[in-house]
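Taking it in order: structure first as structure tokens, then the write-up.
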Amino acid sequence: MKLMSKYLDVEKIKEDFPIFQRKIGNNQLIYLDSASTSHKPISVLDSISNFYKLHNSNVHRGIYTLSEEATTLYEESRLKVANFIGANDNEIIFTHGTTESINMVAKSLFSSYLKKGDEIITTNLEHHSNFVPWQYLSKKYGLKLIIWEISKEGNLDLGKLENLITDKTKLIAVTHISNVLGTINPIDKIAKIAHKNNSLILIDGAQSVPHTQINVKELNIDILAFSGHKMLATTGIGVLYVKKDILDKIDPSSFGGGMISQVTQEDSMWAPIPWKFEAGTPNIEGAISISAAIDYLNKVGLNNIHNHEMQLSKYASDLLVKIPGLQLYGPNIKSGIISFNLGKIHPHDISTVLDTQGIAVRGGHHCCMPLMKSLCINGTTRASFYLYNTFEDIEYLSKFLLKVKEVFK
Ligand SMILES: Cc1ncc(COP(=O)(O)O)c(C=O)c1O
């Protein structure tokens, strides 16, 4: 009997995503790599082509109808993003993605907040985007990088954090949801510990903002980074949220047009926030696509999406663990991301064989080499779910993993 989601009408949702009309060879596409990037509904695709067909021009520059329309669309998107995460619109900076958001804020924090001898805590669960910038800063400028290590099950133990934090800790940089293990970190509790010790908290929301309702004020997050392309919008657009009182104090990290209010030969004055952090022509279509993506996500309901994915990951764990030789990683309760190895078969080989059946999964280190090292492996195969995945997708995955085993017997 076909299992149906209690939370979403997935068949109907799939009709909104043109990509699911295509085939891979003779097979229907089964896309299990949304942690890498998501597909786009027709409303998002339309928002982009409408922008170019009807309103194309630069923002904040021209005093003419097209430019005013483009500016309105762009700034409305900012407000939409702000409402989506419970922020104010002047706390939202458009970037190119999570990676750029974190790099940008790292540079700004370093030039106006961090100094030699300060300590930064991050974890061995992080994507390189939330690890390498801190490692680089620490090495280059004499900061101390402290690694909060996960437990055997793949969780972060708050007791350990209490032992690591000192009066020199200036920043705790941690992911909300692991892109490998699906671990959901207790952000509210981490924020409390950070603030009790006068530290800032930065959250990598790349894997959480697209999948679960986040309110930055309720969670008391100082800094949040996420990417549009993982939440139904286009590539090349991302978001950096920073609390207003921090934004007011830190310097921009990128300089040029759009971010100034006055320039003389001797000096420059910055534009008000958030524009002082947006130098140059922004990704206007990307920002507009995020707005359309948020409309779509709100229509479906983030709680429904989260519950649906939790259901899928439980189903997948229960099914895959029955395959002889398959090892699952990460905690029992996880988001819609599962990682596994199948005997000694290389994850790239698993992905290649699954692709012959139209199944797209990701194999490798997932930009988490420190995590791989701590798990004593080189990589995993990862299946990640979103609102367009079904129980049937997981049954296919399980069925064809058995075929993979046959091929590599
Ligand atoms: C947890 C996490 N952080 C950061 C990133 C980097 O995102 P982007 O490549 O969109 O900048 C990813 C991408 O997979 C991720 O999963």
Side-chain angles (χ1 to χ4, degrees), residues 31-40 81 85 93-107 122-136 148 150 154-156 172-185 187 190 201-212 214 221 223-241 253-254 282-283 286-287 289-290 293 309 313 329-331 334-339 347 351 360-372 374 379-386:
Y31 188 73
L32 300 174
D33 195 22
S34 292
S36 177
T37 199
S38 69
H39 288 305
K40 325 298 173 198
V81 171
I85 60 166
I93 298 159
F94 282 122
T95 66
H96 294 122
T98 307
T99 306
E100 196 198 21
S101 296
I102 296 175
N103 275 276
M104 236 173 96
V105 78
K107 282 187 218 151
T122 188
T123 83
N124 59 344
L125 199 54
E126 303 309 309
H127 188 282
H128 296 160
S129 297
N130 197 28
F131 192 90
V132 181
W134 310 118
Q135 189 183 54
Y136 176 80
W148 177 16
I150 51 167
N155 289 311
L156 288 169
I172 300 176
V174 61
T175 190
H176 190 173
I177 292 183
S178 159
N179 63 309
V180 177
L181 303 182
T183 312
I184 306 170
N185 291 321
I187 296 312
I190 301 172
I201 175 165
L202 176 150
I203 298 303
D204 175 346
Q207 298 297 345
S208 59
V209 174
H211 303 273
T212 182
I214 286 192
I221 297 172
I223 303 164
L224 174 73
F226 56 98
S227 301
H229 69 99
K230 294 184 199 287
M231 54 182 283
L232 312 182
T234 60
T235 51
I237 184 77
V239 173
L240 172 63
Y241 155 81
S253 60
S254 192
N283 181 352
S289 80
I290 277 213
E309 291 171 9
S313 70
Y329 300 94
K334 49 182 162 257
S335 70
I337 295 177
I338 62 168
S339 261
S351 305
V361 292
R362 185 72 173 264
H365 55 64
H366 314 294
C367 298
C368 289
M369 285 182 172
L371 175 62
M372 294 301 130
S374 71
T380 71
T381 301
R382 179 185 73 186
S384 52
F385 314 123
Y386 210 0

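Being a predicted model, the structure only gives us computed values, none of them experimental. Ligands are counted one by one from 1 in listed order, and the atoms in each one are counted from 1 as well.
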To check your reading of the model: name the closest protein heavy atom to [atom], its residue, and the distance in Å.
| atom | result |
| --- | --- |
| atom 9 (O) of ligand 1 | Thr99 OG1, 3.7 Å |
| atom 15 (C) of ligand 1 | His127 CD2, 3.3 Å |
| atom 13 (C) of ligand 1 | Lys230 NZ, 2.7 Å |
| atom 16 (O) of ligand 1 | Gln207 NE2, 2.7 Å |

Could you tell me if any non-hydrogen atom of [X] lies under 4.0 Å from any atom of ligand 1?
| X | answer |
| --- | --- |
| His229 | yes |
| Asp204 | yes |
| Glu100 | no |

Quick one: [atom1] on [X] to [atom2] on [Y], what's the gap to the nearest 0.5 Å?
| X | Y | atom1 | atom2 | result |
| --- | --- | --- | --- | --- |
| Thr98 | Asn130 | OG1 | CG | 9.5 Å |
| Asn185 | Leu125 | CG | CG | 6.0 Å |
| Thr381 | Arg362 | OG1 | CZ | 11.5 Å |

Heavy-atom side-chain contact between His366 and Met372 under 4.5 Å: yes
Side-chain heavy atoms of Leu156 within contact of Val174, under 4.5 Å: yes
N or O pair under 3.5 Å between Ser36 and ligand 1: no
Minimum heavy-atom distance between His176 and Ser208, given as atom pair plus value: ND1-OG, 3.0 Å
Ligand-residue contact atoms, ligand 1 with Ser227, heavy atoms, under 4.0 Å: 7 (O), 8 (P), 10 (O), 11 (O)
Thr183 and Ser178 side chains, donor-acceptor separation under 3.5 Å: no
